[in-house]
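Below, chain A is the first sequence line, B the second, and so on; all start at residue 1.
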Number of protein chains: 2
Amino acid sequence: MPLVKTSKEEILQKSAVLIWEQGYKHTSFADLSKACAIRNAHFYYYFKDKEDLMAQVLQYVANHVKSKIFDLAYQDNLPAAQRLEIMGRKLKTLYCRNNSGCMFANITLEMAHTDAPFLEIVRSIFGDFIAALTHIYEIDMPGPAANKKAVRAVQQIEGAIMMMRLYNDKSYIDDALNNLL
Amino acid sequence: MPLVKTSKEEILQKSAVLIWEQGYKHTSFADLSKACAIRNAHFYYYFKDKEDLMAQVLQYVANHVKSKIFDLAYQDNLPAAQRLEIMGRKLKTLYCRNNSGCMFANITLEMAHTDAPFLEIVRSIFGDFIAALTHIYEIDMPGPAANKKAVRAVQQIEGAIMMMRLYNDKSYIDDALNNLL
DNA sequence: GTCTATATGCGGATAGAC
DNA sequence: GTCTATCCGCATATAGAC
């Protein structure tokens, strides 16, 4: 673990923003190298190919979201409503950044028809999301019911993000996040 | 209106399947011309460019979905539950065909970051979907509440489709469609 | 209307100098 | 590790014969 932000981490961070916004296929190395201020060919020093870059970008964002948002669900000293309220606020910031919605949903709908290996990372992060909400809901109901409620909450949120982006109207996501409880 | 299916309609139908499955950018004219059994250059006889083809494909699918599914909502002689049940069955067939989910959601997440003119067609079809469900829900509740319920139902369905495709598990969409009432 | 041929540019990826 | 230069293939799109 380096003391200062490595060049590679900057590449991951800046690439993530672009791919999040534009998608995997729509984002070329020309776009990426411009945003990262490095040469096109330099990506191949850090990454095997575009698919490898994508996998590392997804893992980078997934780690960030897990530690900054999903982990809040396990603060068992706080009441459930408060945990959900904080998570909801952070999720809204996440989804509204650059009007790009949920990176993992974007990639799912773009790539589900392929067998791209990085989809496994997407499956994992949605599993973490549902597990986090299930943990909170289990306070008031048995496990299976809590899990079902968590799945429906995630689905409602993802549908709301789609509507928000299509109609450029944040009230959809506000409504979904305010109804997490 | 020609008496027999025109060549152009076949092109629209076959192009729709491919683009639905693979997305707009991922589908090349090479893919399309193979599927339609015509020459690459021949597309430019029927369509101005790829964007024009896409707009006509979307309109073609939208017309089909409207007349075959959404119109069922206005069969006021049938009880609400029965209308929802029939629509749910037809929607499931639609979304599970080729495991490709909802074409309009796919295109939304792929293209929302652009100002592609064909997004207007997508907005229109989601408006029709919500209007159809609202019409049914209005039997039992005032307009604004019915509309809110319809929006949430659509969001739940679109989120469920995403989960279905990600985990290759139809139980997500079954659950969402069984809870339309 | 349908074909062949091809223009033109951009995509990902690599070689090899420094 | 970072650069320049470049390969190769595929993308959209067009020209023009038949």
Which nucleotide in the list [options] gets nearest to the side chain of [X]?
{"X": "A/Phe29", "options": "D/dT12, C/dA13, C/dT2", "value": "C/dA13"}
{"X": "B/Ala30", "options": "C/dG1, D/dC3, D/dA11", "value": "D/dA11"}
{"X": "A/Ala41", "options": "D/dA5, C/dG1, D/dA13", "value": "D/dA5"}
{"X": "A/His42", "options": "C/dA13, D/dG1, D/dT4", "value": "D/dG1"}

Rounded distance in Å - [atom1] ([X]) to [atom2] ([N]):
{"X": "B/Asp49", "N": "D/dA11", "atom1": "CG", "atom2": "P", "answer": "17 Å"}
{"X": "A/Leu32", "N": "C/dC10", "atom1": "CG", "atom2": "C1'", "answer": "14 Å"}
{"X": "B/Lys50", "N": "C/dG9", "atom1": "NZ", "atom2": "P", "answer": "19 Å"}
{"X": "A/Asp52", "N": "C/dT14", "atom1": "CG", "atom2": "P", "answer": "12 Å"}
{"X": "A/Arg39", "N": "C/dA17", "atom1": "CZ", "atom2": "C1'", "answer": "15 Å"}
{"X": "A/Tyr45", "N": "C/dA13", "atom1": "OH", "atom2": "C1'", "answer": "18 Å"}
{"X": "B/His26", "N": "D/dC10", "atom1": "NE2", "atom2": "C1'", "answer": "15 Å"}
{"X": "A/Lys34", "N": "C/dG11", "atom1": "NZ", "atom2": "P", "answer": "11 Å"}

Can you say whether the rings of [X] and [Y] are parallel (under 30°), tilted (30 to 60°) or perpendicular (over 60°)?
{"X": "A/Phe70", "Y": "A/Phe129", "result": "parallel"}
{"X": "B/His42", "Y": "B/Tyr46", "result": "perpendicular"}
{"X": "B/Tyr74", "Y": "B/His135", "result": "tilted"}
{"X": "B/His26", "Y": "A/His113", "result": "perpendicular"}

Using a cut-off of 4.0 Å on non-hydrogen atoms, how would the nucleic acid contact of [X] be classed: base, sugar-phosphate, or nothing?
{"X": "B/Thr27", "value": "sugar-phosphate"}
{"X": "B/Tyr46", "value": "sugar-phosphate"}
{"X": "B/Asn40", "value": "base"}

Within the supplied structure, the quantity of interest is the number of heavy atoms (other residues, nucleotides, ligands) at a distance under 6.0 Å from A/Lys148 NZ; does it exceed 12? no
Strictly below 4.0 Å: does B/Ser28 bring a side-chain N or O up to OP1 or OP2 of D/dC10?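 For D/dC10, neither OP1 nor OP2 has a side-chain N or O of B/Ser28 closer than 4.0 Å.
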Side-chain N or O of B/Tyr44 versus OP1/OP2 of D/dA15: is the shortest distance under 4.0 Å? no
